[in-house]
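The next block holds one structure in the form of structure tokens; read it before the comments.
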Amino acid sequence: MSDLTILEQAALAVWVLDSSVTQPDLEDIYRAAGTRDFEAAKRALLQKIEENGLSYVYEKIELPLRPVLRNMEKKGMLVDAEALAELSRDYHKKLDAIAKKIYDHAGSEFNINSPKQLGDILFDTLGLSAARQKKTPGGARSTRESELEKMRDLHPIIEEVLAYRELQKLLSTYIDVIPGLLDAEGRLHTTFLQAGTTTGRLASQEPNLQNIPNKGDLGRAIRDAFVAPPGSKLVAFDYSQIELRLAAILSGDEELRAVFREGGDAHAAVAAKMFGVAPKDVTHDQRRRAKAVNFGILYGMGVNALKESLGSTRAEAQEFYNQYFAAFPRLAEYLEETKADATRTGYTTTLFGRRRYFEGIRSPIPYVRAAAERMAVNAPLQGTQADIVKLAMIEIDALLEREHLRGHAAMLLQIHDELLFEIRDDAIQMLAPQIKEIMERIVPEEKCANVPITVNGKSGQHWGEMKELE
DNA sequence: AGGGTACCCGTA
DNA sequence: AACATACGGGTGCCCT
């Protein structure tokens with residue numbers, strides 16, 4: 001740990017103690033320690049960490065992780081700048097053509113990027129309106145994608161606006177920005193914020209490499225500009241449904257554990273239990289609904305939100321909700337206990353002891369309290385996932401060091417449940433199984449409740465087109 | 001000109 | 001009146 005400055009160590013300590021203080025500065029350190037003497041502050045912080053059961057998270061996760069992240073930032077990811085330049089020309093041409101069509105429909109030129117001006121054109125000039133048109137928090141008529149979708153059939157301008165937004169976003173966020181961030185070798189070096197989130201996850205900035213587009217042909221073309229140099233491949237490993245597995249582990253729900261013990265398609269298996277049918281008889285629609293509920297559970301969703309994501313009626317959503325928790329009764333109890341614990345103590349903990357405090361958990365204002373409860377339900381799941389991936393990163397980095405593999409392989413990115421490496425062709429066969437093995441067994445068996453943790457590997461020359469390993 | 005915020009949207 | 005969790009970041013627009 002010798003290459004962490006004492007300031008970095010103290011900042012991490014403050015954040016581990018209270019993750020609502022993201023990116024702590026010197027003032028935050030003094031405030032948290034209750035003294036303006038740095039040495040005394042460090043001692044005070046360490047003692048608090050000990051007292052709050054946070055020593056494992058601080059000493060075995062956050063402190064060792066810092067140098068690992070530095071290695072990743074230093075290595076950087078190779079980008080094919082010429083590919084981006086070609087995308088830029090292509091997309092700008094398309095964007096101009098779409099803008100012309102929009103001006104034609106509108107009868108005048110205006111700033112399509114301005115929600116205010118766009119709203120005036122759509123709602124006033126063209127007189128469009130949809131049922132249940134939503135307002136923005138500021139009271140303006142919303143032009144967000146989900147609202148425009150409702151108006152798709154009313155006027156051809158809507159489709160053009162949606163297409164314009166997609167292209168504009170990709171150009172201004174990625175395609176026209178990334179070339180200016182490359183070093184002389186064409187590599188892109190992000191900065192990982194280790195104390196940047198309240199849940200324990202990492203964040204990435206300048207640029208944010210954790211939100212590079214991943215679906216849709218236009219977005220995928222951007223990923224294809226991220227490459228491995230000749231003689232190497234990009235190799236990615238992602239945890240399979242890690243948060244739902246953690247819900248099974250943390251709750252101990254017998255039925256949900258069985259879903260994962262039996263392997264196979266988890267969403268389909270959940271659908272089978274939920275709808276009381278044999279796994280082979282699960283329809284496409286039943287699986288889709290089960291998947292929506294699975295995701296919703298992890299975020300503390302209520303019936304209303306479920307209705308939105310299912311596109312169903314309230315009564316139907318309520319029925320699915322009831323069926324789900326009838327099928328997984330212990331999971332339902334666990335979620336209630338989590339809220340109750342958070343209300344009693346003011347915080348939640350992850351499987352490894354990481355804490356998150358909730359400001360509004362005892363608020364008399366119902367929706368403030370409800371929001372805090374949703375966060376409280378999500379925090380142990382998202383936070384434990386963060387713990388697990390970080391532990392795996394530390395052990396994988398140690399492997400690369402111990403086996404003198406730094407010249408053959410480098411960890412490049414962490415995208416929450418996924419690790420991306422650049423590995424020389426002659427080392428992939430040997431190394432990929434070892435990385436996968438570390439990731440899968442990083443959670444001690446006694447903590448797993450017999451729920452298997454599984455990892456999928458992919459490799460390829462381009463980030464956008466990788467094929468399953470094995 | 002620069003700061004703060006609203007709105008929008010990409011990822012897990 | 002509320003919004004399913006966690007982020008970073010672009011542009012517009014208002015302010016100083």
Side-chain angles (χ1 to χ4, degrees), chain A residues 19-20 22-23 110-119 132 134-148 161-162 164-178 181 190-193 196-216 218-220 222-223 238-239 241-244 247 292-310 317 321 335 348 356 358 365-368 370-383 385-386 389 413-420 463:
Chain A
S19 63
S20 70
T22 52
Q23 297 294 93
F110 65 101
N111 186 349
I112 306 167
N113 294 320
S114 161
K116 195 167 154 226
Q117 293 183 39
L118 179 62
R132 299 182 304 278
K134 287 220 173 70
K135 296 282 182 74
T136 68
R141 296 162 296 187
S142 173
T143 66
R144 59 193 289 178
E145 187 172 342
S146 60
E147 295 307 301
L148 296 186
V161 170
L162 290 170
Y164 178 94
R165 283 240 177 103
E166 184 179 11
L167 282 170
Q168 166 70 19
K169 177 74 190 274
L170 297 176
L171 283 166
S172 64
T173 309
Y174 309 106
I175 297 170
D176 289 338
V177 174
I178 287 170
L181 297 171
T190 188
T191 301
F192 288 106
L193 305 184
T197 71
T198 52
T199 54
R201 278 188 175 182
L202 298 178
S204 152
Q205 67 176 197
E206 274 187 280
N208 180 358
L209 291 183
Q210 292 179 322
N211 72 343
I212 299 292
N214 198 16
K215 41 194 170 237
L218 299 180
R220 205 182 43 74
I222 296 174
R223 278 203 178 212
D238 72 292
Y239 281 103
Q241 279 140 359
I242 181 81
E243 286 181 286
L244 199 56
V293 187
N294 279 336
F295 274 100
I297 295 308
L298 309 177
Y299 303 143
M301 173 182 66
V303 174
N304 246 335
L306 181 59
K307 171 181 80 100
E308 286 295 321
S309 73
L310 287 174
Y321 196 88
L335 298 176
T348 56
R356 178 177 173 186
F358 303 92
I365 304 164
Y367 77 82
V368 170
E373 286 176 354
R374 289 195 299 273
M375 296 178 214
V377 163
N378 176 255
L381 300 166
Q382 196 181 125
Q385 177 210 42
V389 179
L413 298 181
Q414 185 249 56
I415 308 147
H416 308 307
D417 66 349
E418 175 182 356
L419 295 175
L420 184 69
W463 196 9

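Only a predicted model underlies this, so the values are computations on that prediction, with no experimental measurement involved.
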Exercise. Grab the CZ-C1' distance between A:F110 and C:dC13 for me, whole Å please.
Key: 17 Å
Practice problem: Identify, with sequence neighbours excluded, every residue that meets salt bridge (charged side-chain N to carboxylate O under 4.0 Å, His left out) alongside A:R141. | Solution: A:D120, A:D124
Quiz item: Looking for any heavy atom pair under 4.0 Å, which part of the strands does A:E145 touch: base, sugar-phosphate only, or nothing?
Solution: sugar-phosphate
Exercise. Starting at CG of A:L181, measure out to CD of A:E206 and round the result to the nearest 0.5 Å.
Key: 7.5 Å
Quiz item: In whole angstroms, how far is the P atom of B:dT11 from the CZ atom of A:F192?
Solution: 17 Å
Self-check item: For atom CD of A:Q414 and atom C1' of B:dT11, their distance in whole Å
Solution: 12 Å
Practice problem: Provide the closest heavy-atom pair for A:S172 versus A:V177 in the form atom of the first, atom of the second, distance. | Solution: O-CG2, 3.0 Å
Practice problem: For nucleotides C:dC3 and B:dT11, find the distance between their P atoms and express it as a whole number of Å. | Solution: 25 Å
Quiz prompt | Pairing residues for A:E418 by the salt bridge (charged side-chain N to carboxylate O under 4.0 Å, His left out) criterion, not counting sequence neighbours | solution = none
Quiz item: In whole angstroms, how far is the P atom of B:dA12 from the CD1 atom of A:I212?
Solution: 11 Å
Exercise. Could I get the full list of side-chain hydrogen bond (donor to acceptor under 3.5 Å, both in side chains) partners for A:T190, not counting sequence neighbours?
Key: A:S204
For nucleotides 3-5 of chain B, which of its nitrogen or oxygen atoms have a protein nitrogen or oxygen under 3.5 Å away, and what is each distance?
none

Quiz item: Does a donor on one side chain sit under 3.5 Å from an acceptor on the other, for A:S142 and A:E147?
Solution: no
Quiz item: Does A:Q414 use its side chain to pair, donor to acceptor, with the backbone of A:H416 at less than 3.5 Å?
Solution: yes
Self-check item: Any residue meeting salt bridge (charged side-chain N to carboxylate O under 4.0 Å, His left out) with A:R220, in chain and number order, not counting sequence neighbours
Solution: A:D224
Quiz prompt | Contact pattern, 5' to 3', of nucleotides 3-12 of chain C - B, S or - by protein heavy atom under 4.0 Å | solution = SBBSSBSSSS
Quiz item: Between the side chain of A:R356 and the main-chain N/O of A:S19, is any donor-acceptor distance below 3.5 Å?
Solution: no
Quiz item: How close or far is atom P of B:dA12 from atom CD of A:Q210, stated in whole angstroms?
Solution: 10 Å
Self-check item: Rounded interatomic separation in angstrom, taking CG from A:L413 and P from B:dA12
Solution: 12 Å
Self-check item: Closest to the A:K215 side chain, choosing from B:dT11, B:dC7, B:dC8
Solution: B:dT11
Quiz item: Would you say a side-chain N or O of A:T143 is under 4.0 Å from OP1 or OP2 of B:dC8?
Solution: yes
